[in-house]
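The next block holds one structure in the form of structure tokens; read it before the comments.
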Amino acid sequence: MAHLITLIPGDGIGPEVSEAARLVLDATGVEIEWDVEEAGERALEREGSPLPDRVLEAIGRSRVALKGPITTPVGTGFRSVNVTLRRELDLFAAVRPSRTLPGVRTRHPPLDLLVVRENTEDLYAGIEFERGSEQAAALRRTVLELSGAEIRDDAGITVKPISVTGTSRIVQFAFDQARREGRSLVTVGHKANIMKFSDGVFLRTAAAEATAYPDVDFEAIQIDELAMRLAWEPETFDVILLPNLYGDIVSDLCAGLTGGLGLAAGANLGWEYAMFEPVHGSAPDIAGRGAADPVAMILSAAMMLRQLSERTAAGAVEGAVTDVLRGGEHVTPDLGGTATTGEMAKAIAAATRSILSGS
Ligand code: NAD
């Protein structure tokens, strides 16, 4: 039976890399029934909302989505569609592998890191109070009354909730994932010395949950030290487990360590739904020029195939990406080549077919 997949092409380079991923998935021969749903800028223009209800309803039916990046206005405008999707579908775990691939020039020895990011809480939860609003004034009064702390009256406020419930499940997920992948160390990043009651919950809950996994080592380090060590000796890490905001930043950092955003794939997973998307954004600076590297989206699609238990196809796509990168001929400008997004995708599709046919 065909897999029903919701495809959200997204904004900017999203449609280009989505088409590339679709071409490669077609080459695997896995039967997929695509339900293409627009979200983001075009949906806002046409339907007045960047995330119309039909998109969530579609994922409700398929349970699995492949998603291109969606633009979020900075500072003002609509709330992030990405954050809303993760929250509405309770996709609490972001899984972002950073592996050095052959033929890709990097500044470090080969790395194989896995960032696991809590996806629903923290400063990213979207609990915000606008500067000058009545709500912000009320919150300032309450904070003053409860803690004696004065917040300036021209401050905007973002709330940082981190719960034991939200942390327990992501810690268990990270350790289970470490076991599944044969990894031996989980490092938790935090700033619990300053944010005692939010990062403190994350740290203490992680340390408590870790005791159930005696076969996987656990270490906890402050996020600033973690940043320094990632630049200095990234090979000393294995799984890096982080609250939402640090995870956002550090997964881009890890992408940079292993060849750039054009290669960094990701999955957002919950108990009921899964959404696969590249780490990168909509890259408006290169959109529409055929210059986007399709690998991040294609490897996200390979992660999706694995989740659908299409392991042979997933392995073939990953092998094909490796072959094309190693060949160095059909690669996009970010990798030092001159191929367009479509040309690189065609080469990966052809390599996928030859791996699957054993030739
Ligand atoms: P970005 O990831 O879009 O771009 C950062 C840099 O990386 C740019 O120079 C870009 O050209 C380059 N780049 C990104 N992807 C590439 C690819 N596949 N091939 C080659 N080069 C690539 O980050 P940004 O500019 O900070 O964000 C642009 C928009 O994307 C913003 O509106 C942001 O909110 C949104 N965004 C969305 C998501 C998502 O949908 N999950 C994630 C991150 C950012």
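Whatever order the structure lists ligands and atoms in, that order sets their numbers, starting from 1. Numbers for residues simply follow the sequence, beginning at 1.
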Exercise. Counting distance only, does the side-chain N/O of Arg117 pair as donor-acceptor with the main-chain N or O of Asn244 below 3.5 Å?
Worked result: yes

Exercise. For atom 23 (O) of ligand 1, which candidate among Gly281, Ala291, Pro294, Ala20 holds the nearest heavy atom?
Worked result: Gly281

Problem set entry | Sidechain-backbone polar pair: Thr28 side chain, Val24 backbone, donor-acceptor under 3.5 Å | no

Exercise. For atom 41 (N) of ligand 1, which candidate among Glu277, His280, Met297 provides the closest heavy atom?
Worked result: Glu277

Exercise. Under the 3.5 angstrom rule, does the side chain of Asn119 hit a backbone N or O of Leu91 as a donor-acceptor pair?
Worked result: yes

Problem set entry | Residue portion contacting ligand 1 (non-hydrogen atoms closer than 4.0 Å) for Pro284 | side chain

Exercise. Taking Gln172 for the side chain and Arg169 for the main chain, is one N or O donor matched with an acceptor at less than 3.5 Å?
Worked result: no

Problem set entry | Per-residue contact class, Leu261 against ligand 1 - non-hydrogen pairs under 4.0 Å | side chain

Exercise. Would the number of heavy atoms belonging to other residues, nucleotides or ligands and lying under 6.0 Å from CZ of Arg131 be above 12?
Worked result: no

For this session: Of the side chain and backbone of Val279, name the one, both, or neither that has a heavy atom under 4.0 Å from an atom of ligand 1.
Result: backbone

For this session: Could you see which bit of Thr72 sits under 4.0 Å from ligand 1, with heavy atoms only: side chain, backbone, both or neither?
Result: both

Problem set entry | side-chain contact (heavy atoms from CB on, under 4.5 Å) partner of Val216, the single match among Val239, Val186, Asp176, Asp238 | Val186

Exercise. Would you say ligand 1 has an N or O under 3.5 Å from any N or O of Ile286?
Worked result: no

For this session: Could you pull out, from Pro69, Gly260, Ser282, Gly68, the option with a heavy atom nearest to atom 30 (O) of ligand 1?
Result: Ser282

Exercise. Just one of Arg63, Glu310, Glu31 clears the side chain to side chain donor-acceptor pair (under 3.5 Å) bar with His3, so which one?
Worked result: Glu310

Exercise. For Ala283, is at least one N or O under 3.5 Å away from an N or O on ligand 1?
Worked result: yes

Exercise. Counting both backbone and side chain atoms, is some N or O of Asp285 under 3.5 Å from an N or O of ligand 1?
Worked result: yes

Exercise. With backbone taken as N, CA, C and O and side chain as the heavy atoms from C-beta onward, which portion of Arg86 lies under 4.0 Å from ligand 1: side chain, backbone, both, or neither?
Worked result: side chain

For this session: May I ask you to check whether Thr71 has an N/O atom sitting below 3.5 Å from an N/O atom of ligand 1?
Result: no

